[in-house]
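Presented below is the structure to which this report refers.
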Amino acid sequence: MSTLLITITQVSILLAFIMVMVLILTYLERKVLARIQMRMGPMRTGPYGILQSLADMMKLLAKEDIRPHGSDRMLFYLAPLFVFVPSFLIWITIPFTRNIVVENLELGLFYIVAVSTVSIVGMVLAGWASGGKYSILGSARSAAQLISYELPLVFVIAGVGILAQSFNLITIVNQQSSIPAIVYQPLGFTIFFVAGLAEVGRIPFDIPHAESEVVGGPFVEYSGIRWSIFFLAEYANTLAIATLSVLLFLGGWSGPLTEHFEWLQPIWLILKVSAILFLIFWIRATLPRFRIDQLMQFAWKILLPLSFVYIMVNATVPFVETVITSNAASNQLTGIAQIILGACQILILFLVAFAISKRRKKYLTHLHQGVPA
Amino acid sequence: MDNIPSTEPVEFMLNVGPQHPATHGVLRLLIDVDGERISQVETHIGYLHRGTEKLCEGETFSQIISLFDRLDYVANFNMEMSYVMAVEKILGLDVPIRAEYIRVVTCELNRIASHLLFYGTLGLDIGAMTPVMYAFREREALQAYFESVSGARMMHNFFRVGGVKEDLPEGFLESLQSYLPKLKQAVQECDQLLTLNDIFLERTKGVGILEKVDAVDFAVSGPNLRASGVEHDIRRTEPYSIYPNLKFSIPTGTNGDSWDRYWVRMQEIQESIFIIEQCIDQIEPGPISGRTRTVIRPPKGEAYVRTESPRGDFGVYLVTEENKEQPYRIKMRSPSFCSLMALETMLQGEYLADAVTILGTLDFIMGEVDR
Amino acid sequence: MISIFRGLITTLKTTFRRPVTVQYPSTHLPLTPRYMGFPVLTWDFKIQEPYCTGCLVCARVCPTDVITVSMKDNPKAANEESHRRKIVNDFKLDISNCILCGLCVEFCNFDAIIMSDFHEEGSLTRVEQDLPLVTLLDMGKEMQDKGKFTPPPPKKRPPAKAKKDEPATDADPEKQES
Ligand code: SF4
Ligand code: SF4
């Protein structure tokens, strides 16, 4: 009984935490975007508009909940939950420091991948149940996109698991206490970040709900609180991807001085996550969006082969190392192996960038001479 | 066996507009899509029809200027220009040279403003959020200049038959001259953000190709025509006003695809800046209006005047009656309308997402299409 | 690839520039001297009466027909206080339909109407959008206080002769218009 109570408390605290984080995140996103575009962003609600997202939430809660004629009532009401619940469940196993985690699952990464896939169902249901043409187009797009980008994501996570010999997030972070994994796995980070962006549908991969094409994708017909649930899920996912990339590749909460001061751990985590989030916002402000076929090509022709290569490299280097040093007991890479691994991955990254630029050169030769500098 | 669902690809009809964010106003498209591919398009226009042509028949010649402002509502000066030139042609009126310079300066500024708007909205269509902000930042500055000249930011009612309403305000040319380098820099910033961006290239290169032959057949004009490789610019082929005195080049594309249409417009901004710089050098003090009478009663006659508006060849056909204050008939030839006619051929077989790009690069203004 | 990074750098650069936003209701952009807000009527402080003679020219020239004017005999003209034989009786301007074209100002022969700076004249009902003569004159006085209006130069003709010419001046625009 008491364990149940404890679990319920923990989960509700987590839920509240995510809600608050999403509110802060939307505010920050608007502010950052505004600054990039030389605007001010929300300024009216409270000093510097800090209450803006709260006001938005109030507005959404008070809005009429419209169900379009011709929609499937039951599925229409269920779909938001199908999207939101997985995005919330992910957080159960994400640790915030060495000790703060709701449930430290041994196969945490595996769990995250398994659960997050369910949200595809929600997207398709939402589009289908709305009975609108734009929403069906949007949900078809989002199903295609999520499925394609799920694969590279899973492969990268597998690669990380191979190297860490564990799927437990806390173990993975602890192994990075001296050097963050991005140093010797830049390729992994790149794939994870790009696939993650696509997974949460941020620009340049926001094709499912492209505002100017399918107006809002699967969520066109939703309004009020149901729409806000989708919104919540989207931002919770963004936050999750940012946190995961910090945990997997940027060393999580480990940083200078964390050995001595325990309370510095969450601060380091927050700083790192904010940096990744800023990167996401920055990219959002800069890049146009892909087209659906280009998106698929990118996933299947570039990202997926790359993630194969990534797994191969990740598996080969430790294997060679154990063969050479005949030291099978340690599951940690030595410094030299790390350097070799990092060099390999950077080389691969450069090769790919070179190949892409070469293709672009071919493009430009078709242009006339007067290309602006 | 009858109830086995057919495995034929199912097409469904998508109603895009008139309230769709990408249709730039109230264009309505009926698109048959097969998956993401467009198989057929039907264009419906007329949602912004205000009957301008008919309205003009009941208004006096001086009132009509304000109606022309509202045709192409992002290039108001250019619209006024065509109308006043038509009336002047019937009256056989000579416009003072300073007035011509003022007209050209404001028209070219307006061309820049219009192309900046194009740049911003194209960015939005393609999914980039920042271009529109950069573009509007500069457009705001330009509109402040318009306000200082005419008193209004958009609907100026500034040109008059035989000249302009007022002289340029004091210090206008100086401040414009100091602003132009800033504008150039801002345009370069815009360039860096989009022009050669890989994703932008992917999205626009080879998309929505308008062949030279098709472009000519559909009477497409302006930047859309020039992108297809036809060097046709009314300012050059049938020079009017003081354009013969000015040096400028006509940027043309080669492929007629979306990127070329975009590029031609970005180059035209540079050319317009160049034209304005020349005007500032050449302009001299003098009278600004050739006639003082306020009521215009032109003789019986007809005139057709074409000017190069930011969207292309804008023509005004004016028929007047003897001793009447109102025209007998005014017909406008609008470039956006012709561009829209080419839409059906261009959209065939493209992706749905590209439809948005193509609509964006055609740069039509519904106010001008529907009149 | 490089161009994407170039784009990122461009956006990063603008991040640290000053925002161009103007917080509208609390701060306003400066209006240029030629700014055309709603037309208002001017007040002749010398004689304490409006310049407007109710000649109807503006009502006729207005493209959207938003002006309604009527004219009456000027009581001050009887005891020679004013040189205006006729004066405006009632004037109504429906600003909800005014397109701020400035034609009325251009055509008025008596400098009785000017374009003001007023542009925030929203109201809750349509009736409030019909500005009566008094309001227009008040707004005009405010504009005149700001120095936005230079009174017309005194007529070259001597007052005695002007009195005789007065009907002609009144009728002149009418003649021109018909
Ligand atoms: S034209 Fe001038 S004087 Fe005549 S009614 Fe109008 S405002 Fe009054
Ligand atoms: S500004 Fe134009 S629309 Fe307004 S009252 Fe004067 S003439 Fe009529």
Worksheet item: Does B:E325 pair with B:R297 as a salt bridge, N-O distance under 4.0 Å?
Response: yes
Fill in: Test of ring centre spacing under 6.0 Å for B:F200 and B:Y262
yes
Worksheet entry | For chain C, the option from B:K165, B:E166, B:M155 that forms the most heavy-atom pairs under 4.5 Å | B:E166
Item to complete: State which residues pass ring-ring contact (aromatic ring centres under 6.0 Å, His included) with C:Y35; sequence neighbours excluded, sorted by chain then number.
Response: C:H119
Response to the item:
Under a 4.5 Å heavy-atom criterion, the part of residues 121-135 of chain C in contact with chain B comprises none
Item to complete: Please check if any side-chain donor atom of B:Y179 sits under 3.5 Å from a side-chain acceptor atom of B:E138, or the reverse.
Response: yes
Practice prompt. Select one option (side chain, backbone, both, neither) describing which atoms of B:E59 are under 4.5 Å from chain C's heavy atoms.
Written response: side chain
Worksheet item: Does the separation of the ring centres of C:F110 and C:Y51 fall below 6.0 angstrom?
Response: no
Practice prompt. Counting only heavy atoms closer than 4.5 Å, note whether C:I9 contacts chain B via side chain, backbone, both or neither.
Written response: neither
Worksheet item: Is a side-chain donor-acceptor pair under 3.5 Å present for B:Y145 with B:T106?
Response: no
Worksheet entry | B:R153/B:E140 ion pair, N-O < 4.0 Å | yes
Worksheet item: Taking the six-membered ring for Trp, are the ring centroids of B:F77 and B:F146 within less than 6.0 Å of each other?
Response: yes
Worksheet entry | When C:P33, C:P63, C:G7 are compared by non-hydrogen pairs under 4.5 Å with chain B, the top option | C:P63
Worksheet, complete the sentence: Honestly, the part of B:S148 sitting under 4.5 Å from a heavy atom of chain C is both
